[in-house]
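Below: one structure, written as structure tokens.
As the structure lists them, so they are numbered: ligands from 1, and atoms in each ligand from 1.
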Amino acid sequence: MKTSIKNKKNKFFGNKKGDGSSVFLVIFVALFVAVMLRAFMTGGGAPMSMGANRAAPIELSFSDVLRRAPDIKTMQIHGQDARGTLNDGTNYRATIAYDPELLEKLASNGASISIDTSKTWLDHLGTWVPILMGLLFIWWIFRGMRGAAGGGIGRSIMGQNPTKIATGSKTTFKDVAGIDSEKQELMEIVDFLKHKDKFKAVGARVPRGILLSGQPGTGKTLLARAIAGEANVPFFAASGSDFSGIIVGLGVAKIKEIFEMAKRNAPCILFIDEIDAIGQRRSQHSFNDQDREQTLNQLLIEMDGFSNDTGIIVIGATNRADMLDPALLRPGRFDRQVYIELPDMAGRREILDLYSKKVKIDGKVNLQDVARGTTGFSGADLENLLNEAALHAVRSGRHEIAPADIEEARDKILMGPRKIRKMRPEDIKLTAYHEAGHAFVSQVYADVTDPIHKATIIPRGRALGMVQHLPIDDKVSMTISEVRANLAVSLAGRAAEEVFFGADKITTGAESDIASATRLARYSITTAGLSPKIGMVAVNQAAAFNSRAPLENASEKTAEIVDGEIRAWLDRAYADASKLLRANRETVRRLAEELLAKETLTGDQIKAIVSGRKKKASTRGRKDAKSTTKSK
Ligand code: ADP
Ligand code: ZN
């Protein structure tokens with residue numbers, strides 16, 4: 001959750017007293033009227049001598065004038081207006097373009113031509129108004145910038161205020177759960193803010209900037225607030241994205257503004273969320289690069305500028321610490337880095353405990369199980385989980401959150417909301433066999449894969465059905481047999497489609513299975529050194545984070561071997577799965593039919609069905625693997 005608050009005053013009709021924009025508006029309207037007036041008057045009748053004939057003049061177009069040049073007796077030109085008489089005595093009016101050839105032609109025909117270069121006051125206005133308006137506009141912009149740089153809270157460029165003071169409710173470390181080591185690290189900052197003199201007496205160099213990095217929702221903003229709350233100092237928050245705008249120089253002005261404000265309120269915490277928006281490495285070019293660089297420079301200048309004992313602590317937050325310009329991380333700037341991990345199982349339990357106090361929960365809900373089933377959830381996700389569960393409980397007419405509400409909320413967060421089913425019966429049947437395939441192979445490999453939590457054919461998000469696993473512990477690493485088993489489980493859905501419906505009936509529904517299997521195989525081979533053909537060479541350091549990253553450190557030949565290996569691993573996994581399914585057709589069929597009848601089967605139900613017919617399970621190993629949701 002981002003907490004930058006924007007003061008969305010109307011941009012043009014600023015309503016503060018003495019605000020230049022309303023004065024600007026009045027002048028603008030007045031000038032506009034004047035210009036319209038001039039256009040009207042020159043159009044309707046001009047201050048020119050009229051010919052003898054008082055009859056209304058005829059209108060000639062410019063091409064008429066060119067064509068009838070020999071007929072023209074006199075012409076008075078005033079700007080683009082021309083009038084005069086024709087040889088037959090008729091008065092005419094025309095709008096002409098400046099054309100020396102025309103004048104020459106007229107002259108050679110003996111026409112008398114007079115050009116009036118005198119200007120009326122309205123003409124002068126026509127020249128000066130645009131210039132004046134331009135000057136006014138520039139003045140208006142600069143005025144805004146001055147206000148931003150020197151002015152206080154509430155007066156800022158375009159009426160937009162990038163910062164916000166936290167008032168009222170105090171956040172403290174009690175509100176932060178599950179990340180104890182990070183809290184510990186930040187305690188010291190609180191101590192410094194509280195007892196500045198103690199540190200000064202020893203001559204300790206205190207940090208000016210702290211960089212909190214970690215995924216969204218891990219509590220960076222919350223921690224920064226808690227530091228301010230614990231130390232009882234004001235908290236100013238801004239977001240990096242507020243500092244880039246359409247107007248060049250805006251970022252610099254805004255940086256100046258927030259530091260001014262911080263200095264006036266020191267000791268305090270100045271929090272800058274999404275600091276990567278300003279502090280990205282300078283080599284990466286983008287169209288507003290120069291402006292951003294100036295903004296970054298201004299930030300560095302400000303941070304270098306205040307002395308250590310001012311008592312301002314700047315806390316930056318980012319989920320892309322690797323992208324930051326190294327200049328930001330030098331001593332005296334953001335020289336303290338705290339990385340906030342996603343909470344582990346114990347951490348998740350603590351966060352759940354914290355938020356479960358704020359809702360009513362049925363005694364049957366086992367929060368330890370909820371913590372088990374939420375690998376990869378951030379603190380914000382967990383808070384959201386309980387909130388969604390509470391909403392679901394209300395919708396279902398309950399007064400307390402029941403296990404089913406948690407289940408529903410978790411699936412919704414993981415996979416998206418339930419879909420109203422509009423599927424053909426044969427598609428539902430195929431989905432049931434697909435999920436039965438996953439479930440069966442997973443149960444066969446129960447020794448090396450995570451226990452099944454449930455299998456369902458209720459569509460959700462993009463998935464038509466899914467088999468969910470529930471880890472016993474947080475996964476740290478996987479054995480090679482776990483990898484092989486997981487690959488077979490992933491591909492078992494497609495294998496079941498082929499085994500039961502034939503090779504010409506397989507569907508595109510295995511898309512995400514194939515993607516996740518490929519990712520795991522590629523990671524094992526290029527990064528984890530599990531393939532003898534590649535050996536323990538890290539061919540792709542980036543693979544753990546992004547499977548699509550191109551192979552680094554790899555010759556073309558190696559890249560080819562890698563591709564071949566991935567293919568071989570996946571082919572083998574698919575063959576394993578198919579073989580198991582063929583050998584146990586009846587059991588798998590029963591699983592599928594049960595799924596069709598009940599829509600959802602629990603891990604225990606699946607185990608009961610399979611254990612009747614269980615054939616030899618080939619591998620054994622540790623029981624701690626990953627939390628996976630194999631969606632169809
Ligand atoms: P970030 O700044 O890292 O994106 P936030 O601090 O905005 O994350 O977290 C959003 C919300 O999630 C917080 O306001 C808080 O309610 C909840 N939250 C996140 N992490 C924790 C945590 N460790 N303990 C308690 N609540 C948390
Ligand atoms: Zn699947």
**Message:** If we set the cut-off at 4.0 Å for heavy atoms, which region of Thr221 has an atom near ligand 1: side chain, backbone, both, or neither?
**Reply:** both
**Message:** So if I count the atoms of ligand 1 from 1 in the order they appear, which ones are less than 4.0 Å from some heavy atom of Ile179?
**Reply:** 23 (N)
**Asked** How close do Leu270 and Ala262 get, heavy atom to heavy atom, and via which atoms?
**Response** CD2-CB, 4.2 Å
**Item:** Note, His469 side chain near His453 side chain (heavy atom, < 4.5 Å)
**Value:** no
**Prompt:** Asp405 pairs by side chain to side chain donor-acceptor pair (under 3.5 Å) with which of Arg410, Arg395, His392?
**Reply:** His392
**Check: Thr318 and Glu274 side chains under 4.5 Å, non-hydrogen atoms** = no
**Request:** Name whichever N, O or S atom of Asp513 ends up nearest to the Zn ion (ligand 2).
**Result:** OD2
**Prompt:** Leu223 versus Ile179: any side-chain heavy-atom pair under 4.5 Å?
**Reply:** yes
**Message:** With a 4.0 Å cut-off on heavy atoms, is Asn384 in contact with ligand 1?
**Reply:** no
**Message:** Using a 6.0 Å distance limit plus a 45 degree cone around the ring axis, check whether Arg585 lies over the aromatic ring of Phe500.
**Reply:** yes
**Message:** I'd like to check which ligand 1 atoms, numbered from 1 as shown, lie under 4.0 Å from a non-hydrogen atom of Ala177.
**Reply:** 22 (C), 23 (N), 24 (N), 25 (C)
**Request:** State which residues pass salt bridge (charged side-chain N to carboxylate O under 4.0 Å, His left out) with Glu408; sequence neighbours excluded, sorted by chain then number.
**Result:** Arg418, Arg460
**Message:** Could you tell me, atom by atom, which parts of ligand 1 come under 4.0 Å of a heavy atom of Val176?
**Reply:** 23 (N), 24 (N)
**Request:** Would you mind running through ligand 1 and noting each atom that sits below 4.0 Å from a heavy atom of Lys220?
**Result:** 1 (P), 2 (O), 3 (O), 4 (O), 6 (O), 8 (O)
**Request:** Using distance alone, decide if ligand 1 has a nitrogen or oxygen within less than 3.5 Å of any nitrogen or oxygen in Glu383.
**Result:** yes
**Asked** Are Gln443 and His438 close enough that a side-chain donor and a side-chain acceptor fall under 3.5 Å?
**Response** no
**Asked** Taking N or O atoms only and a 3.5 Å limit, does Pro216 qualify as a polar contact for ligand 1?
**Response** no
**Request:** Looking only at distances, please establish whether an N/O atom of ligand 1 is found under 3.5 Å from an N/O atom of Leu354.
**Result:** no
**Interfacing atoms of ligand 1 (cut-off 4.0 Å, heavy-atom, Tyr355)** = 15 (C), 16 (O), 17 (C), 18 (N), 25 (C), 26 (N), 27 (C)
**Tyr433 and Phe501 aromatic centres sub-6.0 Å** = yes
**ligand 1 contact by Gly178, heavy-atom criterion under 4.0 angstrom** = no
**Asked** So, is Leu222 polar-close to ligand 1, with some N/O to N/O distance under 3.5 Å?
**Response** yes
